Amino acid sequence: MAAFEYDLVTLGAGSGGVRASRLAGGYGARVAVIEESRVGGTCVVRGCVPKKLLIYGAEFARSFQDARGYGWTVGDVHLDWPALVASKNRELDRLEAVYRNTLKSNHVELVEGRGRLVDPHTVEVNGRRMTAQRILVAVGGWPVLPDIPGVEHAITSNEALDLPRLPDSIVIVGGGFIAVEFAGLFHALGCAVTLVIRADNILRGFDQDIREHLVAELEHQGITICRKTQVQSIRCEKDGRRMVTLQDGRILACEQVMYATGRAPNTAGLGLEEAGVALDPRTGAVQVDAWSRTNVSSIWAVGDVTNRINLTPVAIREGACFSETEFNNNPMTPDHANVASAVFSQPAVGTVGLTEEKARARGPVDVYMTRFRPMKNTLSGREEHTMMKLLVDRATQVVIGAHMVGPDAPEIIQGLAIAVKAGLTKKDFDATVGIHPTAAEEFVTLRTPRPDLASV
Ligand code: NDP
């Protein structure tokens with residue numbers, strides 16, 4: 001008789017948890033996954049997918065504007081926001097069903113409820129105790145809001161994806177991925193958008209030139225940016241409008257206030273401390289090693305709950321490595337180096353490898369950069385510029401960073417990420433014949449490095 005009811009119990013049916021569970025199930029393990037919300041997790045239910053669908057919806061507004069320069073007569077156009085939200089929700093329902101079917105076809109039992117660790121081999125859910133040889137914690141993260149007066153009048157990205165009506169104005173607090181993406185989304189749909197950032201620029205951690213280029217584009221479009229200040233309080237008027245008081249004394253009136261000030265690992269109340277699992281004292285993230293093992297030998301963790309690189313494909317990779325190692329006798333660890341990422345802002349950002357700041361800290365670097373007006377914008381008259389940047393290790397000539405702001409940047413950088421991951425050199429880029437006319441061809445025609453200010 002087996003000592004445990006299950007070989008694996010996974011807490012959380014998001015990207016990492018589902019991938020790990022379905023692989024383990026497919027390898028013949030007895031697996032259960034516990035989920036308190038919808039199957040699919042942040043990415044499918046309240047993150048990447050719904051956001052991208054709404055952004056696709058918003059991009060039509062730009063297309064209508066651009067079409068005039070190409071000879072189109074565009075009449076009165078009108079967005080039916082509830083219809084867009086309903087279409088998006090139908091797609092989420094479809095995707096959730098796909099996820100559920102995947103679990104089922106891999107013989108993974110789905111238990112709906114909130115799971116809690118009782119000891120290193122036992123999880124309790126809906127009053128039922130389940131024992132498992134291995135437990136995988138994949139419960140993700142959740143938005144964090146600072147404790148300021150009136151914060152209950154603010155929404156997060158969770159609610160922004162399902163607003164019953166499109167606000168005429170929105171104040172977005174934060175300057176990270178989510179803030180910048182939603183600023184672009186709402187601005188494109190015609191809302192007056194104000195970003196409130198505590199730093200002097202958006203997208204901390206990104207390449208400085210990328211940040212400056214994007215912020216200039218956002219301001220040029222008409223997004224207001226309040227820098228170096230914070231929200232002191234939020235008041236809700238009788239008519240529902242919000243009055244946002246900033247520390248610098250400014251008061252902003254708007255229909256919605258959205259907080260995008262980061263996300264925290266969902267570890268509270270999960271029984272982790274009771275089971276002896278070490279958490280990061282600052283962030284509450286589950287501490288893991290390269291194999292996603294916690295300090296308790298029967299417990300692993302993957303995805304945002306570990307606060308390594310909080311991106312869906314990374315969680316999926318971590319989950320897959322866990323199951324390959326533990327259930328397929330195929331030991332592997334996730335490689336967190338040179339993970340490409342994108343900000344689906346308007347214009348979008350794509351990035352892989354080192355920023356110029358990080359590259360310079362390592363040693364001498366050749367910087368290749370170009371700014372240009374994309375061909376499409378010539379006839380449309382759109383005053384928006386694309387920026388591209390390559391960072392090359394001067395000694396080895398290996399391309400160690402590629403960054404772009406402009407249409408299709410995420411798609412273009414995904415291709416370049418292979419080259420950066422493979423450690424290709426500038427010579428390999430130069431030997432590649434471009435596809436003409438594209439914006440992407442600029443990445444293989446950059447000939448002259450920028451004068452090295454650092455060595456002047
Ligand atoms: P980020 O960590 O990207 O950004 C948080 C922002 O909030 C920063 O600008 C930060 O400012 C600011 N901030 C933090 N605390 C406060 C505070 N108390 N008051 C005012 N401002 C504050 O978090 P997000 O919520 O945007 O996104 C969470 C994560 O989700 C991302 O890191 C990313 O990993 C993932 N994500 C990825 C996406 C993608 O791949 N396209 C899209 C959306 C999310 P400062 O810079 O000064 O620290």
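Whatever order the structure lists ligands and atoms in, that order sets their numbers, starting from 1. All values reported here derive from a predicted model rather than from experimental measurement.
A donor-acceptor distance shorter than 3.5 angstrom exists from the side chain of His403 to the backbone of Leu354, with no hydrogens or angles considered.
Put simply, the residue from His385, Glu212, Gln346, Glu383 that forms a side chain to side chain contact (heavy atoms under 4.5 Å, CB included) with Glu217 is His385. The one candidate from Met404, Glu442, Met387 that meets the side chain to side chain contact (heavy atoms under 4.5 Å, CB included) condition with Thr370 is Glu442.
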Counting only pairs under 3.5 Å, give me each side-chain donor-acceptor contact of residues 170-191, with atom names and distances, residues two or more places apart or in other chains.
unit_1: Glu181; atom_1: OE1; unit_2: Lys51; atom_2: NZ; d: 2.9
unit_1: Glu181; atom_1: OE2; unit_2: Lys51; atom_2: NZ; d: 3.4
unit_1: Glu181; atom_1: OE2; unit_2: Phe344; atom_2: N; d: 2.7
unit_1: His187; atom_1: NE2; unit_2: Gln221; atom_2: O; d: 3.2

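Within a 6.0 Å radius of NZ in Lys421, other residues, nucleotides and ligands contribute more than 12 heavy atoms.
Sorted by chain then number, the residues whose non-hydrogen atoms approach ligand 1 to under 4.0 Å are Lys51, Gly174, Gly175, Gly176, Phe177, Ile178, Glu181, Arg198, Ala199, Arg204, Gln230, Ala260, Thr261, Gly262, Arg263, Asn310, Leu311, Ala342, Phe344.
Taking the charged nitrogens against the carboxylate oxygens, Arg100 and Glu35 have no contact shorter than 4.0 Å, which rules out a salt bridge.
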